[in-house]
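Before I ask anything, here is the structure I am working with.
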Amino acid sequence: MKIKFLMFIFLASIISIGLIGCQSTSKDESKSNSTVEKAVETGKLALADGDFVKAKSNFDLALAEDKENKEAKNWLRLAKKMNLLSNHLENKEIEKTEEILADIKEDDLYKAINSQIDDYESTLTTLKSSIENIDNEIVTINQKLEEGAFDEVIEKGNNLKTEKNITENQLDTINSIIKDATKKKEEKDKQAEAKKQEETSRQEQTGSFTYNTYTNTRFGFSAEYPATFTQGPAPTNNDGREFYNEDSTIIASGSHINVLEDNETIETHYNRALENISSSIAYKRLGSDWYVISYKDGSNTVYEKAIIGEDIISTVVITYPSSKQEYYGPMITRISSTFKGGQTELSW
């Protein structure tokens, strides 16, 4: 009887231990399932928010707990595709973006993220349009390059480089075009400078100049000057301008009459100019509304011509070395014959 009782106690203990073990296993499995479910749900929310890295991390966590979890596997697959889609679009990889979009649309879980895909497709359409426009602009600046409009190419190229959706290939192409335009512009500038120096040298040897015209906006007079002469800065009162080279100066200016005395005439100014000359006068002549005086001033010759208008007088004074009379003579004749006086003050 005692032996039977002991056997009963032993069997009861074994059964009790077995039951406790089953309960412990059940609790562990429940905890594991809870972790998996939470990770999957968190991953879904992250996927909906567009945080594909976080979504992938949570689905990986779920699979670490349950390697055969089919739901976690499917969502992980979609998260990876969406992450690729985002990266391709960000890198402006059009073909790869279109390929992954097509792949996602075939996915069993596509309906869960179709609104996001609509947004991506809209962004892709905008991107393709921008890239196409930039391609067209590249064609245009290439044409301008062939036409020799180097400054325009450089300016438009640099502006184009700031476009938001420009690709790396497009940027490389534009930089290459700008580099080519800059090089050709430098060559063109060098050729122009060499030509200018050659022309200057020829003019210096022959005294034959090409001319520009200066027109004064205050008094309305105009005077020609050699293109090789340097133009001085405009005075504050805008009464004229000075032009010069290494040994000759041209000063064209205007002023009011009747300032020193009333009823001034061209003769009044002519006589006043003669009175102010202390050296010998080589030539002088008075017309109905103009006068010309030429005289020596040290080693230089001074040529002065004035034309009177309604209430102003316009004057051009040319100073040059007397030893270069033959060289500057044609210039004096040209400037004197083309000099036009103003009539009245226009604006200031």
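Throughout, numbering of the chain's residues begins at 1 and tracks the sequence.
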Item checked: Distance (rounded to the nearest 0.5 Å) between Ile141 CD1 and Ile178 CD1 -> 6.5 Å

Item checked: Spatial distance of atom OH (Tyr214) from atom CZ (Phe339) [nearest 0.5 Å] ->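 CZ of Phe339 is found 10.5 Å from OH of Tyr214.
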
Next item on the list: Indicate yes or no: at least one non-hydrogen side-chain atom of Lys44 is less than 4.5 angstrom from one of Thr42.
Entry: no

Show me the donor-acceptor pairs, under 3.5 Å and distance only, between side chains in residues 162-177 and residues at least two apart or in other chains.
{"from": "Thr162", "atom 1": "OG1", "to": "Asn159", "atom 2": "O", "distance (Å)": "2.6"}
{"from": "Asn165", "atom 1": "ND2", "to": "Ser130", "atom 2": "OG", "distance (Å)": "3.1"}
{"from": "Thr167", "atom 1": "OG1", "to": "Gln170", "atom 2": "N", "distance (Å)": "3.1"}
{"from": "Thr167", "atom 1": "OG1", "to": "Gln170", "atom 2": "OE1", "distance (Å)": "3.4"}
{"from": "Gln170", "atom 1": "OE1", "to": "Thr167", "atom 2": "N", "distance (Å)": "3.1"}
{"from": "Gln170", "atom 1": "NE2", "to": "Ile131", "atom 2": "O", "distance (Å)": "2.9"}
{"from": "Gln170", "atom 1": "NE2", "to": "Asp135", "atom 2": "OD1", "distance (Å)": "2.9"}
{"from": "Thr173", "atom 1": "OG1", "to": "Asn169", "atom 2": "O", "distance (Å)": "2.9"}
{"from": "Asn175", "atom 1": "OD1", "to": "Lys161", "atom 2": "NZ", "distance (Å)": "3.0"}
{"from": "Asn175", "atom 1": "ND2", "to": "Leu171", "atom 2": "O", "distance (Å)": "3.3"}

Next item on the list: Could you tell me which non-hydrogen atom of Ala62 sits nearest to which non-hydrogen atom of Val36, and how far apart they are?
Entry: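 Of all heavy-atom pairs spanning Ala62 and Val36, the closest is O-CG2, 3.7 Å.
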
Margin query: Using side chain to side chain donor-acceptor pair (under 3.5 Å), reason through Tyr328 and Ser248 one step at a time and then give a plain yes or no.
Written below: CA-CA 9 Å; Tyr328 284 110; Ser248 178; 4.6 Å; no

Next item on the list: Determine, stepwise, if the pair Phe52 / Phe59 fulfils ring pair (Phe, Tyr, Trp, His ring centres under 6.0 Å).
Entry: CA-CA 10 Å; Phe52 308 126; Phe59 297 139; over 10 Å; no

Notebook entry, point to check: Would you call Asp239 and Arg218 a salt bridge, taking side-chain N to carboxylate O under 4.0 Å as the test?
Noted result: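 Salt bridge absent between Asp239 and Arg218.
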
Margin query: Tell me whether Ile251 shares a hydrophobic cluster with Tyr295, the cluster being built from Ile, Leu, Val, Met, Phe, Trp, Tyr side chains joined at under 4.5 Å.
Written below: no

Check: What distance separates Phe150 CZ from Glu155 CD, expressed to the nearest 0.5 Å?
Finding: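 Spacing of CZ (Phe150) from CD (Glu155) equals 15.5 Å.
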
Margin query: Tell me whether the count of non-hydrogen atoms from other residues, nucleotides or ligands lying under 6.0 Å of CD in Glu98 goes above 12.
Written below: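 More than 12 heavy atoms, drawn from other residues, nucleotides or ligands, come within 6.0 Å of this atom.
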
Notebook entry, point to check: Going by the ring-ring contact (aromatic ring centres under 6.0 Å, His included) test, which pairs reach into residues 253-288, not counting sequence neighbours?
Noted result: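 Every pair satisfying ring-ring contact (aromatic ring centres under 6.0 Å, His included) with a residue in residues 253-288: Phe219-His256, Tyr270-Tyr291.
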
